Amino acid sequence: MNRADAAQRTAELREAIRHHDYAYYVEARPEVADVEYDALVQELRDLEQTFPELVTPDSPTQRVAGQPVDAFRPVEHKVAMLSLDNATTPEHLREFEARLSRARPGAEFRYVCEPKIDGLGVALLYRQGRFVRGATRGDGRVGEEITQNLRTIRSLPMTLRGRLAAVPEVEVRGEVFMPRAEFEKLNRSLEEAGETTFANPRNAAAGAVRQKDPATTARRPLDIFLYHVSEARELGFTTYGETLEALREAGFKVNPRTEPCPTLDAVVAYCERLEAERDALGYDADGAVIKVDALEQQWRLGSTMHHPRWAIAFKFAARQATTVVQSIDVHVGKTGTLTPVAKLEPVELAGVTIRNVSLHNEDEIRRKDIRIGDTVLIERAGDVIPYVVQVVAAKRPPGSEAFTFPERCPVCKHTAVRIPGEAYWRCPNSACPAQLKERLRHFGSRRAMDIEHLGEAVIEQLVERRLVGNFADLYRLTVGDLVELERLAEKSAHNLVAAIEGSKHRGLAPLLNALGIRMVGERVAGVLANHFGSLARLQEASVTELTEIRGIGEEIAESVRKFFDDESNAEVIRQLATAGLTMSQPGFQADAPRPLAGQTFVLTGTLQSLTRDAARELIERLGGRVTSSVSRKTSYVVVGEAAGSKADDARRLGVAILDEPRLLELLQRR
Ligand code: IVH
């Protein structure tokens, strides 16, 4: 290829790659498969290698290029990068509008609202539509040049389109951030490598942007939303909305949650809605930014030294706070799991006072090196249970010691055990009163046997006075026993006895949940109840039989088997049955015809009239089993379209083959 052809082809390739980058990184609507895209990039690389003089700084191949730097050069911003004034309540927003009206009497204001990204503000310079320089905010007047690192952000266009493409020099601003999913991935890999993790996506993004080697930045995927064009009025724009349109047209990513709000009521509604939905954004937003839409009004309102008068940030409730670990207690769970819990100096977080936080297990404490007396950063995001993000190392009191996990159960003093490969220490003593109390509490809880009046104080006394040593003992309690308890009036005793009596017929699923079998919660209990219909049948099921049920893995199966193999559990179940508890699933027809009992099916290929799950369900309802691999014992292999090797296996082993019509016939005939 001659040089002229090569120049032509590189231009074509660059255009194609830019187009696909935009489709993939900005619009999230890829148009080609990865291999096709990779082939384009490879072809461009090869050409640029043969004709090095054709390489340009804005070539897609140059995103991860450039030499590591020792220090970042200072950059003076053309226009100072100001901060934002804050509002934390709707009233503050109304005061903001009142201030606007005082400054521009008689004017009407329309607004544009958008998420306030918790990232890093950057200023980007484009000359004749080409990216030439990027800088951090710094102190607002002077920042640091991070051009090479910003080039690694794939959603950032290196060349512009539309109206901004022809502008001799334009400065645009936006927020660099790390998407939450990338942040979690990064922290996981840092953790695996034994390196310090980042406390939040913002710190991770800041770390990535300030990497001395752009190759490292490239491995920490960042993204950017643009929200500002400096000197937009001079470029002929009249509203902020129009400016955003031009940014979008130029190929920049503009936040899709940006909305015009014609009134302050609409602004307040926007802020409330965004705060309620913040967890679904995929990135951290710490508030909303409200901007006056008309650029003429912005210009007339002007700025203070600190912030523009035409914009305000509505801050969401904080989700991170620091507090002090007063002690670390160990809690005994219903299966003997020992869970360390930090008692905290109470702290208000997103509207709730936090006093305790689970530290999960020994390894977690060791990994985060959490000590008594430490100041810790805690977080409570959405519905997530509060947790310790990290220790504030600078605030560690002198002379503190690493936490050592107790060797004994804090309640019964039995030696604790930690099975190799397991994360938790356990109290192996099944008679441990702490475990018994937890088991009883769970047994009576709403989603289990739902025994009203069986509160913690009552359980405490029942166990301490040895009135109850297992679940079955509950059903032997009399009013006479209960009135002996402290603070239990006769009426309450009657109520409790009645509530216990009333719990006898909850059915199999709640009972299975109530028994506190390890790894069997509400969902698994439901699956088992539906499959077996009665406790007696479940008790006979082998591990193999259990693992063949959808949703039941090996670990659950073994835990179930182990529970029923334990003689004392079997004894309690006998006693519960004698007490008259319902031990079957209401509506389950144990005697329903099970014509496919004893037959096993393997499904392969695509069926036309029903999904594989539906086919499985129909077969199971008739008593058949569906397994995944073909053996001589398989009764039928059901072969759909594009069936693979399993059909061959069937032929080789001489197993009967059913096509779809014959399967349907078989299912219907029964
Ligand atoms: S507008 C002159 N819009 O928040 C306009 N800022 O606390 C000022 N930020 O320094 C910025 N998301 O780094 C604006 N949608 C958004 C923003 C945003 C995040 C940052 C920005 C600014 C800081 C002010």
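These numbers were taken from a predicted model, which means no experiment stands behind them.
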What is the minimum heavy-atom distance between [X] and [Y], and which atoms define it?
X	Y	answer
V324	G373	CG1-O, 3.8 Å
V330	P410	O-CG, 3.6 Å
V357	P386	CG2-O, 3.2 Å
S629	T634	O-OG1, 3.9 Å
L496	L454	CD1-N, 3.9 Å
M583	L508	O-CD1, 3.8 Å

Would you list the atom pairs, donor with acceptor, under 3.5 Å between side chains in residues 520-532 and any protein atom, with sequence neighbours excluded?
residue, atom, partner, partner atom, Å
E522, OE1, R447, NH1, 2.9
E522, OE2, R447, NH1, 2.8
R523, NH2, G551, O, 3.3
N530, OD1, Q585, NE2, 3.4
N530, ND2, G526, O, 3.3

Please lay out, stage by stage, how K413 and E407 fare under the test salt bridge (Lys or Arg N to Asp or Glu O under 4.0 Å). CA-CA 9 Å; K413 310 296 175 207; E407 284 168 19; over 6 Å; no
For [Y], is there an ion pair with [X] - N to carboxylate O distance below 4.0 angstrom?
X	Y	answer
E182	R220	no
R371	E401	no
E277	R257	yes
D279	R319	yes

Would you say [X]'s side chain and [Y]'s backbone share a donor-acceptor pair under 3.5 angstrom?
X	Y	result
R180	E184	no
K646	S628	yes
D369	R366	no
R439	L515	no
D481	L477	no
N361	D363	yes
H442	N513	yes
Q435	C427	yes
R561	Q539	yes
K368	V388	yes

Only counting residues at least two apart or in another chain, list the ones meeting salt bridge (Lys or Arg N to Asp or Glu O under 4.0 Å) with [X].
X	value
E438	R441
E567	R574
K562	none
E191	R367

How long is the span from the [atom1] atom in [X] to the [atom2] atom in [Y], to the nearest 0.5 Å?
X	Y	atom1	atom2	result
S559	L546	OG	CG	10.0 Å
Y475	S503	OH	OG	3.0 Å
R476	T578	CZ	OG1	8.5 Å
R616	R550	CZ	CZ	5.0 Å

Step by step, would you call T339 with T337 a side chain to side chain donor-acceptor pair (under 3.5 Å)? CA-CA 6 Å; T339 308; T337 311; 5.9 Å; no
Does anything in residues 343-354 pair up under salt bridge (charged side-chain N to carboxylate O under 4.0 Å, His left out), and if so which pairs, sequence neighbours excluded? D329-K343
Do the non-hydrogen side-chain atoms of [X] and [Y] ever get within less than 4.5 Å of each other?
X	Y	value
L186	M178	yes
V325	V391	no
Y424	I419	no
V352	R380	yes

Check this for me: E464, atom CD, are more than 12 non-hydrogen atoms of other residues, nucleotides or ligands nearer than 6.0 Å? yes
Would you say K504 has more than 12 foreign heavy atoms packed within less than 6.0 Å of its NZ? yes
